[in-house]
Amino acid sequence: MSEGHRLERLTSILRRRGVILPSFEIYGGVSGLIDYGPVGARIKRKVINSWINHWMEMGNVVEVDSPTITPESVLIASGHVGEFNDLMIECLSCNNAFRADHLIEHIHENSESIMAPDMDKIINDNSINCPNCNESQWNESKPMNLMFKTGIGAMKDQRTAYMRPETAQGMFMLFPSLYRHFRQKLPFGAIQTGKGYRNEISPRQGMIRLREFNMAELEYFIDPKNPPKNDLSKYVEKICMIPDPDSDFDTKCEISFSDALEKGIIRHPTVALILYETWNFLINLGLNANKIRFRQHSSTEMAHYATDCWDCEIHGEYGWIECVGIANRTCHDLQSHENYSGTNSLRAWRAFDEPQIENKKIISPKTSVIGPIFKGQARLVINALKEYDIGEINQLETLELSNGDKVEITKDMFEIKQIENSISGEWFIPHIIEPAFGIDRIIWHLLDHSYEETQKEGENYSVLKLNDLVCPIDAIILPLFEKDGMGEIASELTKSCNHLNGIKVEMDTSKSIGRRYARADEIGIPWAITVDHTSLEDDTVTIRRRDDQVQIRVGIDELLINLRDKTIEKLYK
RNA sequence: GCGCCUGUGGUGAAGGGGUUAUCACCUGAGGUUUCCAACCUCAUGUCCUGGGUUCAAAUCCCAGCGGGCGCACCA
């Protein structure tokens, strides 16, 4: 092919054909922000739709949609406010930058929570040396806020808020509603697609690390004691997996999902199911199976609460890139929100197989005696009595109330009762298995894997081999010439096609037929429909298959039916 | 955020102080043409932005913005 690298040629095509372009270019552009042009936006819409359909096929998954603006309290509870405000400090001697808390973690227990002025003092007082050049001349430490901050409300009394760094928190907020929707039965899942925001220090690698990006996440809520049973035995395909390097398993292996679960490489059956469904989704989109692998996080890399984390990595022009993160987040998120908000609505009910009968003795205050004696204080007395140690109640003479008052208690004020309690179940915090998809990264790799450079009659030729699921346009309608009525037939046909549900076609009339085929190939249109002289006589058109340029002639009616049903491929057999 | 490299139509490139900035492809209009980037005519430009040096800057200098790579960072 021509000079330069494949990556550059692909990016050129994507710009030229309106797939992916830099944003705000007439104002100089902004790094980390991209536009999907007319072609790219179609591809993105179809990828997201496929993703939604894929997970909703599980039957117990619903879609939700929550705001991107998120009040600070939510993100404090989730840990993002703390985690996203790391202090950075720069060495004046060698100009390297470091996370300040990492420099002092050996001398300070809670190094992450120190504010900037204290941090500078600690670093100077202890003459911390630069890990790179060993000098100890430091610039002032500065917080690096990786979230976009904003305020809710126009003037003062603004509530601090951030643009969400992930869609997940919105789904956790909706747990009570989801729980009702699913008639209080686990497992169930919620999906959400939408924008996420991270103010990256240095966005790099085209659309791989963006400041505003498209995410798609599933939160799958399960009962940790009764995880859903899924038969994985039919999944025999061997997948490239890289287990946790701290584990006893090989560093790399080809193994089926069911075997990996059986051997304990995958640590949770639901994680195995989600890994499989992730794989399935990516393959259906048209990604190259040989360029997909699953890498398990080492225990040090994993967030402290998670027990099994996997990255689904896809190989492309930038090497292996994490495109999906799959984590067993356990009860961590819901637990944090329960603790921070004080709500008790983030729990699910687990009924016991048999009600547990609990026999116990309790102190039963005699309200008819206590009431008249203590009057206004009676409630406090009753509560204090109930809480009192049942083993020592008989020695009780003076009881201290919650307001500090002391009262005298006589034995006629209470009795000890033997009661039988039937407990039919318990409240618990569900565990969450979460796959988080980076849609832009997946689209990038889809384009990368689909992009084929060939030679055609001595010239360079590019084809984007996108399948029906993700192609931007289902077919291109081409009148061979715009005369003798061919243009009119093509216009009519374009209208008829676009009336078909879920089908989008375009017409192209400019330049030679060969050039129009080439343009269609470049943006991945699978079928080219040509209206020629024969069409004028018998209502037939030719269909050209993008991937091998083979043409067949069919009647217009037949074309419409097969286009609608996405069965054009069958006409070739 | 640091270091090195870099920025010229839509895309890819040439031009390194001096007329009207060059080329290929692409795109658009018209012509021609009976199925694979044909041909002819025409059109399409903030030389990234802002300062500075100079009689004169796309060209040299500084800063900003964007891009690439490395370092650092990546819940």
Side-chain angles (χ1 to χ4, degrees), chain A residues 2-5 7-18 21-33 37 75 78-99 102 112 130-132 139 142 144 146-147 165-166 168-169 196 198-206 208-209 301-306 309 318 322 325 327 329 333 436 456-462 478-484 486 509-522 528-536 541-544 546 549-551 553:
Chain A
S2 55
E3 311 82 57
H5 294 104
L7 172 61
E8 285 155 14
R9 294 190 297 271
L10 175 54
T11 347
S12 294
I13 277 195
L14 296 179
R15 278 175 168 223
R16 189 152 42 80
R17 294 299 182 191
L21 314 91
S23 296
F24 310 115
E25 229 190 344
I26 65 166
Y27 289 104
V30 180
S31 69
L33 300 181
L75 295 162
S78 70
H80 287 98
V81 171
E83 299 283 350
F84 274 63
N85 278 297
D86 300 323
L87 290 173
M88 292 293 291
I89 194 161
E90 214 179 292
C91 172
L92 291 171
S93 164
C94 68
N95 286 328
N96 272 301
F98 302 92
R99 267 181 67 165
H102 285 182
E112 278 188 42
C130 171
N132 183 52
N139 212 334
K142 284 176 280 188
M144 274 195 338
L146 291 182
M147 286 195 293
E166 59 177 22
Q169 299 306 322
R198 292 175 198 181
N199 204 354
E200 295 285 352
I201 306 161
S202 53
R204 286 284 165 80
Q205 300 175 303
I208 298 297
R209 190 180 299 178
E301 185 182 3
M302 232 170 339
H304 65 278
Y305 52 83
C309 283
Y318 297 107
E322 174 198 352
R329 297 179 73 138
D333 301 278
K456 195 164 170 182
E457 289 164 25
E459 280 196 75
N460 300 324
Y461 199 87
S462 306
L478 310 171
L480 192 54
F481 302 104
E482 266 194 301
K483 61 178 188 186
D484 306 332
M486 283 181 255
T509 60
S510 64
K511 291 287 160 67
S512 74
I513 190 73
R515 178 168 296 205
R516 284 179 275 163
Y517 285 144
R519 268 197 294 241
D521 288 345
E522 248 180 23
I529 315 297
T530 305
V531 176
D532 58 15
H533 294 85
T534 316
S535 311
L536 298 170
V541 291
T542 63
I543 304 178
R544 169 187 177 274
R546 176 195 63 207
Q549 293 118 53
V550 173
Q551 276 180 305
R553 177 170 287 278

Check every strand shown and say whether [X] touches a base, only sugar-phosphate, or nothing at a heavy-atom separation below 4.0 Å.
X	result
A:Gln205	sugar-phosphate
A:Glu522	base
A:Gly32	sugar-phosphate
A:Arg519	sugar-phosphate
A:Phe481	base
A:Thr530	base

Given [options], the nucleotide with the shortest approach to the side chain of [X]:
X	options	answer
A:Arg553	B:rA37, B:rC35, B:rU34	B:rC35
A:Tyr461	B:rC35, B:rA38, B:rA37	B:rA37
A:Arg209	B:rG10, B:rC73, B:rG12	B:rC73

Inset, instruction - Tell me whether B:rG30 sits syn or anti, counting syn as a glycosidic angle within 90° of 0. - result: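 Base orientation: anti.
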
Legend entry - Derivation and outcome, side-chain hydrogen bond (donor to acceptor under 3.5 Å, both in side chains), residues A:Arg17 and A:Ser462: CA-CA 12 Å; A:Arg17 294 299 182 191; A:Ser462 306; over 6 Å; no

Inset, instruction - Answer yes when A:Arg516 and A:Glu482 have at least one side-chain N-carboxylate O distance shorter than 4.0 Å, and no when they do not. - result: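 Judged by the 4.0 Å cut-off on N to carboxylate O distance, A:Arg516 and A:Glu482 do not form a salt bridge.
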
Inset, instruction - Give none if B:rA37 has no partner; otherwise give the nucleotide forming a Watson-Crick or G-U wobble pair with it, both distances under 3.5 Å. - result: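 Base-paired to nothing in any strand shown.
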
Inset, instruction - Report yes if at least one side-chain N or O of A:Ser31 is closer than 4.0 Å to OP1 or OP2 of B:rG67; otherwise report no. - result: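 For A:Ser31, the contact criterion (side-chain N or O under 4.0 Å from OP1 or OP2 of B:rG67) is met.
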
Legend entry - Pair of N/O donor and acceptor under 3.5 Å linking B:rC36 base with A:Arg516 side chain: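 Counting by modelled atom types and ignoring angles, no donor-acceptor contact under 3.5 Å is found here.
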
